[in-house]
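One structure is given below, encoded as structure tokens.
Residue numbering restarts at 1 for every chain, and letters A, B, ... go by the order of the sequence lines.
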Amino acid sequence: MLQLVADGLVVGSVIALGAVGLTLTYSILRFANFGQGEFMTWGAYFAVSTLAFVLAVTGGGVMEPLGPFSFGWQLIVAMLLAAALTAILALVVDWLLFRRLRRGNAITLVIASFGAALALRNLVQFLYGTLPEYYSREIQIAIRLVPRDVMGGLRVTPDQMLVIGLTLVLMLALQWLLTRTTLGRAMRATAMNPALARVAGVDVEGVIRATWVIGAALAAIAGVFVGITLQIRPMLGFDLLLPLFAAAILGGIGSVRGAVVGGYIVGLAESLSVPLVGAEYRAATAFAVLIGILLLRPNGLFGARA
Amino acid sequence: MEILPVLNYLAFFMVFAGIFAVMALGLNLQWGFTGLFNVGVAGFVAVGAYASAILTGPPEPERFGGFGLPILVGWLGAMLLSGVAAFVVAVAALRLREDYLAITTFGIAVVIQLVATNAQGLTGGPFGIQSIPRPFVEALGTGFVWNLAYLGLVALVLGLAWWALERLVASPWGRVLRAIREDELAAASLGKRAAAFRLQSFVIGCMLMGLAGALYAHFVGYIAPEDFLPILTFQIWAMLIVGGSGNNAGAVLGAFLVWAIWSVSGNLIREVLPAAEQARGAALQVVLIGVMIAAILVLRPRGILGERATVSRHAGKD
């Protein structure tokens, strides 16, 4: 039981990070971006390349594990580089595609994001192949936090704890950015009323760029987290897309706090449903959550009333 | 006899293109005429294919179904079951903002794929369902003549679907659909219940997709989960967007054209690339479809044919 909760929190962290980006683009650019999952995949694979680069530059080519973790400081640098590259990728896709369609129907943007996601996913497959990749081959010993006779016991690896901790730090930082800085206020104003924001002197195109950068960077970090705790595959992001949408809608579109809470709820629901429905139907749990929220409270837990 | 393999391939190609055209017609009713964004095409096709296979197939000890019913019953069952699945999705998502339907149909396709892969007792799991009966196979054998006969059957179904949709779209019912798509408030103020019309359009479109799935199953004689991956959805979307949504002729033209591009590029990859690089080549083929959707949206949003302007007979006379 405790073990399932812990696993759910790790998965939930990844879903929360991805869902925050999704909810931001959804509220500011006003369309459901089916490409959000692919930013996770690209982030994870970018980090494979940047890690190799950092290791080559610093010499040796071997990563010395950092304290109890399975990876060294090089992976942290590689992750930041990958986040920057993913942000650039998002800006390029926006410049090539979404920018040209923004005046039209919102659904046209959804279709376009669909085509873009398809192209991005298969491009990864083309460039990196389909075999799973890992950042580190170090075997990590899980730490026993709770003995086996108390609620099934609990074993967690230091990597998993780091993922949960870093996610919370990132979310607090984002909350601060959105509520305390000029950029954050501009973003929230644009989300509420783009025309009024423009009249009030907000640089809407700049806000859109900032939204892509934040959303893609968080997605890339989430992708790296998947790579640290599980493995890196071309379908990594696609398989997480349904949980991302479920989390963003559960939290209420546009609500960052909601996306985080929604991410953890979906992660926990998936994890806790495994003994009931079996691991193979895990993804169906996210769908059940989605249908449930659409039927009962379509504006989400933290959403504004329509 | 060099000509027979070519003709056989051509018949094969046309059967597939015809089946895709039926799916594209269903999607055109939903997206082209009603503005409903369905990302679960592959899921509804799969429901139809599996339903017909289970209803008509020979009994198997480890799997539910195998009722050995006539193929026509299987096809009707396929339409019915896809319609039911569409109804469930529509009830949950249609009354909400339009992109929620996209997300929900995406979800149902994922779940259908999970069921197809894992519910061994119903769908045969990853190995799928074999020995799905083929119509007239006793009389015609399995050679070129049979392919040609099946092509005739597909053409008949496609023709019927075309005729029915053209009638529907031109009818008052079709006019209301377009009115709702263009201006829901105006249509509602004339007493048209938008939700009910959308629901009908969505369910009918998905029933066509289910029928197309059954056509596919009885042609190939074997179905497995990997026949209904999201790539199928993308292909149908590419067909509709390239051909021109809102126009049934465009949907059919797009189906033949995109399927031709797909087949030619696939053959090219098989011919040109060494065996070790084929998987990567196939990935590049999908990139091509994705880029094609995006490029058409930016450069020629109407598609090749596009929607015909509908103007009232009474307008603009003087």
Side-chain angles (χ1 to χ4, degrees), chain A residues 26 30-32 34 93 96-101 104-130 234 238-239 241-242 244-246 248-249 253 277-284 286-292 294-295 298-299 306, chain B residues 31 35-37 39 88-89 91-104 106-115 117-120 125 181 230-231 233-235 237-238 240-241 245 277 279-299 301:
Chain A
Y26 210 146
R30 290 168 201 282
F31 76 100
F34 277 79
V93 173
L96 277 176
L97 186 62
F98 297 130
R99 187 177 58 96
R100 293 158 206 270
L101 299 170
N105 189 339
I107 284 287
T108 314
L109 283 165
V110 181
I111 305 176
S113 80
F114 226 67
L118 182 69
L120 285 174
R121 178 160 67 253
N122 282 278
L123 209 55
V124 153
Q125 210 163 320
F126 175 73
L127 293 173
Y128 290 90
T130 48
F238 180 81
D239 289 342
L241 196 53
L242 188 55
L244 289 194
F245 274 123
I249 292 177
I253 292 299
V277 297
E280 63 270 26
Y281 286 113
R282 235 188 129 110
F287 184 67
V289 172
L290 176 70
I291 291 287
L294 287 182
L295 287 176
N299 285 326
Chain B
W31 167 245
L36 301 173
F37 189 54
V39 198
V88 172
V89 170
V91 164
L94 267 185
R95 63 202 171 86
L96 305 168
R97 41 187 293 184
E98 49 189 358
D99 28 12
Y100 281 14
L101 180 69
I103 297 164
T104 315
F106 174 77
I108 191 95
V110 169
V111 172
I112 289 169
Q113 180 66 224
L114 281 180
V115 172
T117 316
N118 295 309
Q120 297 246 355
R181 184 194 63 184
I231 179 65
T233 304
F234 297 125
Q235 284 170 326
W237 267 102
L240 185 60
I241 289 171
S245 62
E277 298 291 319
R280 296 178 68 182
L284 211 56
Q285 195 186 1
V286 184
V287 175
L288 180 82
I289 291 281
V291 171
M292 189 160 74
I293 293 183
I296 295 259
L297 283 176
V298 171
L299 301 174

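Residues A/Ala283 and B/Val110 approach most closely at CB-CG1, 4.4 Å, considering heavy atoms. Closest approach of A/Glu280 to B/Leu114, counting heavy atoms only: O-CD2, 3.4 Å. Between A/Tyr281 and B/Asn118 the shortest heavy-atom distance is OH-CB, 3.5 Å. Shortest non-hydrogen contact noted between A/Leu295 and B/Ala92 is CD2-CA, 3.8 Å.
Across B/Ile108, B/Val89, B/Val291, the residue that shares the most heavy-atom pairs under 4.5 angstrom with chain A is B/Ile108. Ranked by heavy-atom pairs shorter than 4.5 Å toward chain B, the options A/Asn122, A/Leu120, A/Val110 are led by A/Asn122. Interface check for chain B: of the options A/Ala119, A/Ala246, A/Gly129, the most heavy-atom pairs under 4.5 Å are formed by A/Ala119.
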### Query
Should B/Val287 and A/Phe126 be marked as a side-chain contact (heavy atoms from CB on, under 4.5 Å) after you check the CA-CA gap, both sets of side-chain angles, and the distance that decides it?
CA-CA 9 Å; B/Val287 175; A/Phe126 175 73; 5.7 Å; no
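At a 4.5 Å heavy-atom cutoff, the contact between B/Val286 and chain A is made by backbone and side-chain atoms alike. Only the side chain of A/Phe287 has a heavy atom closer than 4.5 Å to any heavy atom of chain B. Heavy-atom distances place no part of B/Ala109 under 4.5 Å from chain A, backbone and side chain included. In this structure, the portions of A/Leu242 lying under 4.5 Å from any heavy atom of chain B include both its backbone and its side chain.
Atom CG in B/Leu94 sits 11.0 Å away from atom CG in A/Leu294 (nearest 0.5 Å). Atom-to-atom distance recorded for B/Ile103:CD1 and A/Leu290:CG is 7.0 Å, nearest 0.5 angstrom. Distance CD1/A/Ile111 to CD1/B/Ile296: 12.5 Å, rounded to 0.5 Å. One distance of note links CH2 of B/Trp237 with CG of A/Leu118; it measures 13.5 Å at 0.5 Å rounding.
Legend: salt bridge (Lys or Arg N to Asp or Glu O under 4.0 Å) pairs involving residues 110-123 of chain A, not counting sequence neighbours, sorted by first then second residue: A/Glu38-A/Arg121.
Note: A/Phe238 and B/Phe106 meet the aromatic proximity criterion, with ring centroids under 6.0 Å apart.
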